[in-house]
Amino acid sequence: MVTQLNARQPGSTILPIILLLTACGSEPPETTPVVHEPALQELPATPVFNADSAYAYVAEQVAFGPRVPGTRSHQACGDRLVQRLKDSGAEVIEQTGTVISYNNERLPLRNIIGRFHPDRQDRILLLAHWDTRPFADKGDQRTNEPIDGANDGGSGVAVLLEIARHLAAKEHGPGVDILLTDVEDHGQPSGAMTMDERSIDTWCLGSQYWVKNPHVPGYKARFGILLDMVGARDALFYQEALSMQYAPAIVRKVWKTAAALGLGDRFVQETKYFVGIDDHIPVNKVLRIPTIDIIEFDPATQAFGPYWHTHDDSMDVIDRGSLDAVGRTVLEVVWKER
Ligand code: AHN
Ligand code: ZN
C-alpha cells in the first residue's frame, strides 16, 4: 500500500497523515483510501505529428507555382487544399468574393474553412494564409515576379493540414476550425520592414472579409492560433507583441506547452515587436477571439528571415525540425484542451 501511494502521488502529504493517524492510536481505516487524481494518463494521448508529412504538404503547394489570387496555380492549389481537408474528415466551407487591392485591382477571394465536429459548441480556431506574395519586393532580383512562398504561405498551411489529419479522431473537448485565409500577402510594397499606418489595411484582406462575414453568424472560439512563417531552418519563435497585447494568456499557454515538450530553445519567452499587421489582428479586434500569431523572429534582422518577400523563400529554406516544433506544440495545445 505504501509503495502504491508513493507511486501514484510522489511527494504527497497523504502518507505522513496516515502515519500520524496510526501513531495517535486510531484504528487503521478498514478500506484502503482511494486517491482520486484527475488521472491525466486516462485522457487520450496526443497523436504523433509527422514532420515528413508536413514537409510534403509544403512541397505540394509550392509545386503548383506561386499561389497568387486570380491565377490558375492559385485555383488548382485551392482545390487541392479543399480536398486534403475533406480527406481528413472536415466539413469544408468555401467563402468566395472580390476584394480590391492597394492598386485598385479586383482580386478573387477564396477563404477555405475546414470544420471538425461542427456540432460542438466549444471551438478552437487555427488559421494560416494560403496565398503568396505577387512580387519579390524585398529582394534585388526579379522583383516583379511572384515568389514560391514556401515559408510565407506554404508552411503554416502545411502544419495545419498535418494537424487536420488527426482531428476527426479527437473525441474529447472542443471542435476545431481550420481557416485558410486568402489575399493576406497582397499588401502595399514599402521600403522598410516596418509598415506605415496607411498601408496596414492593404494586408490581410481575406481575414478582414471573414471577420465581417464569419462562416457561422456570431462565430466564437475559445481562442485562435495563427501560424505564419513556421518552417524556415532554425526558426525561433518569440512572443509576438500584438499577440501579447490581445491574448497574453494564450501566448503563455502555448510557450509553456512548448517548454514542457522540450522546445524551449525554439519558443523563446521574450516579447518582440516586429509584426505590423497579420491575420490575428482582425480576429482579435472584430470577433474578439483571443488569437495569437506564431511567427518567426530572426534576431539578425530584428524581424523576419532574410528570405522574406524574396525569391529565397523557396523549398531551400524549409526544414522539418521547425515544422515539427510548431506542429507538435500546437497539436499538444489542442489535445490538452478539455
Ligand atoms: C508585416 O508585419 C510587415 N507583415 C506581416 C504580414 C505578413 C506578410 N506575413 C507574411 N507576409
Ligand atoms: Zn508575406
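Start at 1 with the first residue, then count along the sequence. What you see is a predicted model; the values in this text were computed from it and never measured. Ligands are counted one by one from 1 in listed order, and the atoms in each one are counted from 1 as well.
- Which parts of ligand 1 touch His309 is read off a 4.0 Å heavy-atom cut-off, strictly below it: atoms 8 (C), 11 (N).
- Ligand 1 places these atoms under 4.0 Å from at least one heavy atom of Asp152: 10 (C), 11 (N).
- Those atoms of ligand 1 that come under 4.0 Å of a heavy atom in Asp185, given as number and element, are 8 (C), 11 (N).
- Of all atoms in ligand 1, numbered sequentially from 1 with element shown, those under 4.0 Å from a heavy atom of Met229 are 9 (N), 10 (C).
- For the pair Val330 and Leu126, the minimum side-chain heavy-atom distance is below 4.5 Å.
- Applying the salt bridge (Lys or Arg N to Asp or Glu O under 4.0 Å) rule to Asp177 yields the partners Arg123; only residues at least two apart in sequence or on another chain are considered.
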**OP:** Let me see the working for Trp335 and His166 under ring-ring contact (aromatic ring centres under 6.0 Å, His included), right down to the final yes or no.
**Re:** CA-CA 10 Å; Trp335 230 259; His166 304 282; 7.2 Å; no

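- Shown in contact with Val275 at under 4.0 Å from a heavy atom are these atoms of ligand 1, numbered in order with element: 2 (O).
- Considering only heavy atoms from C-beta on, Asp228 stays 4.5 Å or farther from Ile294 through its side chain.
- Under the side-chain contact (heavy atoms from CB on, under 4.5 Å) rule, Leu127 has a single partner from Thr291, Asp278, Ile225, which is Thr291.
- When the options Asp79, Asp182, Asp131 are evaluated for a salt bridge (Lys or Arg N to Asp or Glu O under 4.0 Å) with Arg110, the one that passes is Asp79.
- A donor-acceptor contact closer than 3.5 angstrom is absent between the side chains of Glu337 and His172.
- Each protein N, O or S atom less than 2.8 Å from the Zn ion (ligand 2) was counted, giving 4.
- Polar contact with ligand 1: present for Gly276 (N/O pair, distance under 3.5 Å).
- Under the 3.5 Å distance criterion, with hydrogens and angles disregarded, no donor-acceptor pair is assigned to the side chains of His215 and Asn111.
- Contacts with ligand 1 closer than 4.0 Å are made by side-chain heavy atoms of Asp228 only, the backbone lying farther away.
- Closest to atom 6 (C) of ligand 1 by heavy atom, among Ile277, Leu226, Asp313, is Ile277.
- Only the side chain of Glu184 comes within contact range of ligand 1, with a heavy atom under 4.0 Å; no backbone atom does.
- Applying the side chain to side chain contact (heavy atoms under 4.5 Å, CB included) rule to Ser88 yields the partners Phe116, Ala164, Arg165; only residues at least two apart in sequence or on another chain are considered.
- Every residue meeting the ring-ring contact (aromatic ring centres under 6.0 Å, His included) condition with Phe237, not counting sequence neighbours, appears here in chain and number order: Phe267.
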